[in-house]
Colleague: 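Take this structure, written in structure tokens, and hold onto it; I'll ask about it next.
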Protein chains: 2
Amino acid sequence: MRTGYQDIKDHILHQIRSNVWTPGTLLPGEIDLAESFGCARATVSRAMRELVDEGILERKRKAGTRVKSSPTRRAQFAIPIIRTEIEDTGAPYRYDLVERHVLPAPNWLRSRLDLPESASVLHLKCMHYQGNTPYQFEDRWINLAAVPQAESYAFKDIGPNEWLVQEVPFTDGNLEFSATNATEDIAAFLGAPVNAALFTVERTTWLADVSVTFARLYFARDYKMTTRL
Amino acid sequence: MRTGYQDIKDHILHQIRSNVWTPGTLLPGEIDLAESFGCARATVSRAMRELVDEGILERKRKAGTRVKSSPTRRAQFAIPIIRTEIEDTGAPYRYDLVERHVLPAPNWLRSRLDLPESASVLHLKCMHYQGNTPYQFEDRWINLAAVPQAESYAFKDIGPNEWLVQEVPFTDGNLEFSATNATEDIAAFLGAPVNAALFTVERTTWLADVSVTFARLYFARDYKMTTRL
DNA sequence: AAGTGGTCTAGACCACATT
DNA sequence: ATGTGGTCTAGACCACTTT
């Protein structure tokens, strides 16, 4: 069998794991490695490039390739559609629209989404259930200038999360994870005591230079988001 | 200038963003695209492969390449060394060891780390400050069977996080993000009211089949972890 | 100036999933 | 059986960074 880029990745990882190549170590150059593996330089190159992507190695021209000293391993996690996430647990998914209003964008939202003073937004409050258990409370704001068709959509059966994903492409976004003490309102919706610590995700998405939507997602008590390193 | 893989990525992303290629659309094959761009197939291949890695496209042999219908874009975030994270803000970093004990592993930890009944662990409580402001309370458990040299290390000046990163390689790990109500103890350390919602990270790391360490990190109030999509 | 990684090419063969 | 992506090669030239 021929030596593939995956074999080289494995070999490098093995050297690191067995402490042969410790953080900071300078690895042999691509040409040397290619020779010792008996493969083309491009193959070594791909292996090393992927290890850089995975946060294991650092490369600089002329300086060579080193084992990253603070292995800033990048955790990746997917942002699933909530319906899928719940259905994957085997439980039925249920969605409820709690409130729906069109209104002028409040100031805090205007500054967050960089909206003009005249901006009009659609504000939705929704509940997502796992079976009969409250799962997430969604506080969603949609920029009607960017997504005018949202104004005529009821969101009675399909949540804004899912609808937006299908309807509107986006180019950029950011996520903020934090913890929030449950207000009376939200506590009631989620069936949690007032002041319970809730895992909270705030998400903003943009289509090029235009902000599309902002959402605050409050998860039920004891929710944990998990990811692998 | 020659057409590079980055140009092709940009072009594909542009088609998607301008709704020419909507979710589900079948893209031309590599050979066709290579011809229309006037480049080698390998170049197109790399562009598409990276877009798959980024969660934009889906590929299946024989079936071709499609725009992913539920753009499960993967958020990536780095797990920095806390000292670096703080120093990057411009503020000085301060570390304090609060408690340090060697003890038999409690049951909950044994089951979490898959430790034998006789296992002995090092338990540390530490505080991390940003300037004089409490930043994070760290509750750390180290498997002394995996890291015997920890027993003789004082952790007075360097935190276990940083020490472990330099000292012990790891192969796997997982992260859990959640929200916790501050207990009296932790509230005092972090200067927060009792019951304040604290963003919490639980991290387990393994070296092959041996568990290395488990940590609970409680962040100060209002901490937000941010990442881009 | 020189050495390293970064990218591209043109061609080849392989592996897999559908037909 | 066929068509698609997946990978590899051998060589070339470029770009960056250090000396």
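Small disclaimer: the values here were computed from a predicted structure and weren't measured. Proteins get letters first, then strands, A, B, ... in listed order; numbering begins at 1 in each.
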Colleague: Tell me the interatomic distance from A:R66, atom CZ, to C:dG3, atom P, rounded to whole angstroms.
Modeller: 17 Å

Colleague: Does the side chain of B:T43 get closer than 4.0 angstrom to OP1 or OP2 of C:dT9 through an N or O atom?
Modeller: yes

Colleague: Counting just side-chain N and O atoms, does B:R61 come under 4.0 Å of either OP1 or OP2 of D:dG3?
Modeller: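 The answer is no; no side-chain N or O of B:R61 sits under 4.0 Å from OP1 or OP2.
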
Colleague: Below the 4.0 Å mark, does C:dT4 have OP1 or OP2 next to a side-chain nitrogen or oxygen of A:T65?
Modeller: no

Colleague: Please tell me which of the listed nucleotides, D:dG5, C:dG6, D:dT2, lies nearest to the side chain of A:R41?
Modeller: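 Between D:dG5, C:dG6, D:dT2, the one nearest the side chain of A:R41 would be C:dG6.
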
Colleague: Are OP1 or OP2 of C:dC8 and a side-chain N or O of B:T3 less than 4.0 angstrom apart?
Modeller: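 Negative; the distance criterion is not met.
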
Colleague: Does NZ belonging to A:K224 count more than 12 external heavy atoms closer than 6.0 Å?
Modeller: yes

Colleague: With a non-hydrogen cut-off below 4.0 angstrom, is B:A42 in contact with a base, only sugar-phosphate, or nothing?
Modeller: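 Base contact.
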
Colleague: Taking the six-membered ring for Trp and the single ring otherwise, decide whether the centroids of A:H128 and A:Y95 are under 6.0 Å apart.
Modeller: yes

Colleague: Using the six-membered ring wherever Trp is involved, compare the ring planes of B:Y223 and B:F219 and label them parallel, tilted or perpendicular (cut-offs 30° and 60°).
Modeller: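 Rings of B:Y223 and B:F219: parallel, as their planes differ by under 30°.
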
Colleague: Nearest to the side chain of A:K62, heavy atoms from C-beta on, is which of D:dT18, C:dT9, D:dT9?
Modeller: D:dT18

Colleague: Can you check the B:L33 CG to D:dG3 P distance for me, whole Å?
Modeller: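 The distance from CG of B:L33 to P of D:dG3 comes to 18 Å, rounded to the nearest Å.
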
Colleague: Nearest nucleotide by nearest heavy atom, which residue falls closer to the 5' end of DNA chain C, A:P28 or B:G38?
Modeller: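 The 5'-side residue here is A:P28.
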
Colleague: Rounded off to whole Å, could you give me the CG-to-P distance for the B:L57 and D:dG5 pair?
Modeller: 11 Å

Colleague: Measure from NZ or CZ of A:R216 to the centre of the six-membered ring of A:W108 and say whether it is under 6.0 Å with the direction within 45° of the ring axis.
Modeller: yes

Colleague: Can you figure out which of D:dT9, C:dG6, D:dG5 approaches the side chain of A:C39 most closely?
Modeller: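 Taking heavy atoms from C-beta onward, the closest nucleotide is D:dT9.
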
Colleague: Take the protein atom NZ of B:K9 and the nucleotide atom P of C:dG6, then report the distance between them rounded to whole Å.
Modeller: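 Rounded to the whole Å, the gap is 15 Å.
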
Colleague: Indicate whether OP1 or OP2 belonging to D:dT7 is found under 4.0 Å from a side-chain N or O atom of A:R46.
Modeller: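 For A:R46, the contact criterion (side-chain N or O under 4.0 Å from OP1 or OP2 of D:dT7) is met.
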
Colleague: Has A:T226 got a side-chain atom pairing as donor or acceptor with B:E176's backbone, closer than 3.5 angstrom?
Modeller: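 Looks like no, no N/O pair under 3.5 Å.
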
Colleague: In whole angstrom, what separates B:L26's CG from D:dG3's P?
Modeller: 15 Å

Colleague: How close or far is atom C1' of C:dG6 from atom CZ of A:R59, stated in whole angstroms?
Modeller: 8 Å

Colleague: For D:dC8 and A:Y5 - does any side-chain N or O of the residue sit under 4.0 Å from the phosphate oxygens OP1/OP2?
Modeller: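 No, no such contact exists.
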
Colleague: For the pair made of NZ in B:K60 and C1' in C:dC16, what is the distance, rounded to whole Å?
Modeller: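 Computing the B:K60:NZ to C:dC16:C1' distance gives 12 Å.
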
Colleague: Write down the distance between CD (A:E58) and P (C:dT4), rounded to a whole number of angstrom.
Modeller: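 Interatomic distance, CD of A:E58 to P of C:dT4: 18 Å.
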
Colleague: Nearest of D:dT9, C:dG5, C:dT9 to any side-chain atom of B:A40?
Modeller: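 Out of D:dT9, C:dG5, C:dT9, the nucleotide with an atom closest to B:A40's side chain is C:dT9.
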
